[in-house]
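Throughout, a chain's letter reflects where its sequence line sits, starting with A, and its residues are numbered from 1. Worth knowing before you read on, the calculation uses all heavy atoms, side chains too, and leaves out hydrogens, waters and symmetry mates.
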Protein chains: 2
Amino acid sequence: MSERKGVRETTLTEEAYQKLRWDIVSGTLEAGSPLRLDNLKQRYGLGYSPLREALNRLHSERLVTTVALRGFTVAPLSLSEMWDAVETRIHIEAEALRRAIEYGDDEWETEIISTFHALAIKAKRLQDLTEQPPKEEIKALEERHHRFHHALISACRSNWLLDFSQKLYVETERYRFPVLGGSMAASSRDVSREHQDIMEAAIARDADRTVALLTAHYRRTGETLSARYAPESEANVAHRPKAPAL
Amino acid sequence: MSERKGVRETTLTEEAYQKLRWDIVSGTLEAGSPLRLDNLKQRYGLGYSPLREALNRLHSERLVTTVALRGFTVAPLSLSEMWDAVETRIHIEAEALRRAIEYGDDEWETEIISTFHALAIKAKRLQDLTEQPPKEEIKALEERHHRFHHALISACRSNWLLDFSQKLYVETERYRFPVLGGSMAASSRDVSREHQDIMEAAIARDADRTVALLTAHYRRTGETLSARYAPESEANVAHRPKAPAL
DNA sequence: TAAATACAGATTTTCGCAAATTCTGTTTTT
DNA sequence: AAAAACAGAATTTGCGAAAATCTGTATTTA
């Protein structure tokens, strides 16, 4: 049971969880495909128990579905589910943001500024690249993106709001990931600008403006993803929120 | 590995989950007490694997806490956590309710009415009882209560809102349960009346009024629980929301 | 031919032990 | 006397085999 070299850093369950999560979010394991225990065991070189436990954690995050006695599958993707996640996220984070703006102290402001810059630098570097950035780099970008958005609402003083926001972030990450790798430079949006505006409004303690900017930011992302996943289809318009304008 | 008589109804994991959940919510397993695998194995007559899996599910529902390599414990209770859950629930369900009122059809109305009556009848019967009702009866009452509140928002067309509402219901159930067994008759509130008003406002499609009534309903419950868990203490007032009025 | 039944292969679920890790109380050293 | 080191105990974690279950195919029956 010992690791290659001496001490093991984390539990095998954690390892299984991280690897599976990455393979699902990055699309290596396709949506809807069944996850056979035997396969996974061979693929990751881990036993049944850690895999099973990891699969259960992923189930509670809605990344995998499971039916009793019929095993696990990668959770399917659908535009209507994506829009549900986007709109719910707006509803949750709008409230969290208002509270964070009310309660946030110097440390909160500092964290927003530093995570913003970490994100902006990374985004700039990847955007300037001529070739397609490697998946590892996209992962790092996603992490900084996550940290920035978390920093915005971190002072809201509600564990439940933070928890729900986290869950919705994970859900939308799956949809966002393949697009991030695509034509980043070609995008007509200046996402970094949007982030900066949100940051400035938050630090200026203008709650209404910050919420409006964040809402627009998320809806634009949703629209980008809609276009990416169903370029020709008109069907996805039905999933759009009723009030897309600010 | 075979069951007493022929076919097994569900998986052992499901059985472990249900039993553990009940023992935690009903208070049989006290908040904060450690959950040793050996103990549980003996107590429920189940193996490690089903228990472990059930414990993980309960962890994702915040009913148990866990630290890697240090086992599981029953999640602690705290007034500030309860108020967080109550206020977040209000925020989630207010939105879900508005949408349900917009989208709800005849079937939705019918479901609200029937679940209301099922709840009202049960509540009346338990209230008229002279002695303390048995735990099983309280469980049945809780189930009907849950069905009614779920019916109200069931037409909201958002799986995420419904999922979050469900999570928060479970969380608050833990706090409500011991109180339900107590002096139900002595309560100055007419809870059934509150439910009826909510039902009528919803069916009349008066969104603002329904949301206001539901908010008041949840806050009153929160206050009852505060009083029950910290009767003399002034400290819990600090956890109260800023705007308790309608 | 169609429906019902039986069978066989594949898959999931469960079990209990063994290994690894952490905790606790005692002894030794500074 | 305080800090560090150590050993034994308690607990969690991981594994692979065995049991239970499901799914699809072949066989039988009406």
Side-chain angles (χ1 to χ4, degrees), chain A residues 1-21 23-24 29-76, chain B residues 1-21 23-24 29-30 32-60 62-76:
Chain A
M1 204 177 290
S2 68
E3 194 73 340
R4 280 157 285 244
K5 295 225 168 139
V7 189
R8 188 164 61 227
E9 301 290 314
T10 63
T11 62
L12 295 188
T13 297
E14 184 64 22
E15 187 185 337
Y17 170 77
Q18 294 293 346
K19 287 183 175 170
L20 273 166
R21 187 185 187 289
D23 283 345
I24 292 170
L29 292 168
E30 269 178 61
S33 62
L35 296 163
R36 300 280 155 57
L37 271 300
D38 272 337
N39 273 347
L40 301 179
K41 189 176 161 196
Q42 208 170 2
R43 180 185 176 111
Y44 299 110
L46 296 164
Y48 289 108
S49 306
L51 286 171
R52 183 158 258 280
E53 210 161 305
L55 252 7
N56 276 312
R57 275 178 68 182
L58 292 164
H59 174 61
S60 79
E61 293 175 11
R62 294 227 211 165
L63 255 35
V64 316
T65 58
T66 175
V67 180
L69 302 174
R70 222 161 302 174
F72 301 87
T73 58
V74 181
Chain B
M1 207 178 290
S2 67
E3 193 73 338
R4 282 153 285 241
K5 293 226 168 139
V7 188
R8 188 162 62 224
E9 302 289 314
T10 64
T11 62
L12 296 186
T13 297
E14 185 63 23
E15 187 185 336
Y17 170 76
Q18 294 293 346
K19 288 184 175 170
L20 272 166
R21 188 185 186 289
D23 283 345
I24 291 170
L29 292 168
E30 270 178 61
S33 63
L35 296 163
R36 299 282 154 56
L37 273 298
D38 271 337
N39 272 346
L40 301 178
K41 187 175 167 258
Q42 209 170 1
R43 180 185 177 111
Y44 298 110
L46 296 163
Y48 289 108
S49 305
L51 286 170
R52 181 160 259 282
E53 213 162 302
L55 252 6
N56 275 311
R57 274 177 70 183
L58 292 164
H59 174 60
S60 79
R62 294 228 210 166
L63 255 35
V64 314
T65 58
T66 174
V67 179
L69 302 174
R70 223 161 305 174
F72 301 87
T73 58
V74 180

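Whole-Å rounding puts the B:Glu53 CD to C:dT12 P distance at 13 Å. Taking atom CD of B:Glu14 as the reference point, atom P of C:dT12 lies 19 Å away to the nearest angstrom. Between A:Phe72 atom CZ and C:dT12 atom P there is a gap of 9 Å when expressed in whole angstrom units.
Here the side chains of A:Thr65 and A:Pro76 are in contact, with some heavy-atom distance below 4.5 Å.
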**Message:** If you apply the rule side-chain contact (heavy atoms from CB on, under 4.5 Å), what do you find for A:Val74 with A:Glu30, and how did you get there?
**Reply:** CA-CA 7 Å; A:Val74 181; A:Glu30 269 178 61; over 6 Å; no

**Message:** Between A:Leu55 and A:Leu35, does the side-chain contact (heavy atoms from CB on, under 4.5 Å) criterion hold? Intermediate values first, please.
**Reply:** CA-CA 9 Å; A:Leu55 252 7; A:Leu35 296 163; 4.1 Å; yes

**Request:** Check step by step if side-chain contact (heavy atoms from CB on, under 4.5 Å) holds for B:Leu40 and B:Leu20.
**Result:** CA-CA 9 Å; B:Leu40 301 178; B:Leu20 272 166; 4.2 Å; yes

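Near-neighbour residues of DNA chain C inside residues 33-51 of chain B, defined by a heavy atom below 4.0 Å, number-ordered: B:Lys41, B:Gly47, B:Tyr48, B:Ser49, B:Pro50.
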Produce the list of close N/O pairs, under 3.5 Å, pairing protein atoms with atoms of nucleotides 23-25 of chain D; give distances to one decimal.
| from | atom 1 | to | atom 2 | distance (Å) |
| --- | --- | --- | --- | --- |
| D:dT23 | OP1 | A:Arg70 | NE | 2.9 |
| D:dT23 | OP1 | A:Arg70 | NH1 | 3.2 |

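Under the salt bridge (charged side-chain N to carboxylate O under 4.0 Å, His left out) criterion, the residue pairs touching residues 33-49 of chain B are B:Asp23-B:Arg43, with sequence neighbours excluded.
Applying the 4.0 Å criterion to OP1 and OP2 of D:dG14, one finds that A:Thr13 has a side-chain N or O inside that range.
Under 4.0 Å is where a charged nitrogen must lie from a carboxylate oxygen, and between A:Glu14 and A:Arg21 no such pair does.
For B:Thr73 against B:Pro34, the heavy-atom pair with the smallest separation is CG2-CA, 3.7 Å. Residue B:Leu46 comes nearest to B:Ala16 through the heavy atom pair CD1-CB, 3.6 Å, listed as atom of the first residue, atom of the second, then distance.
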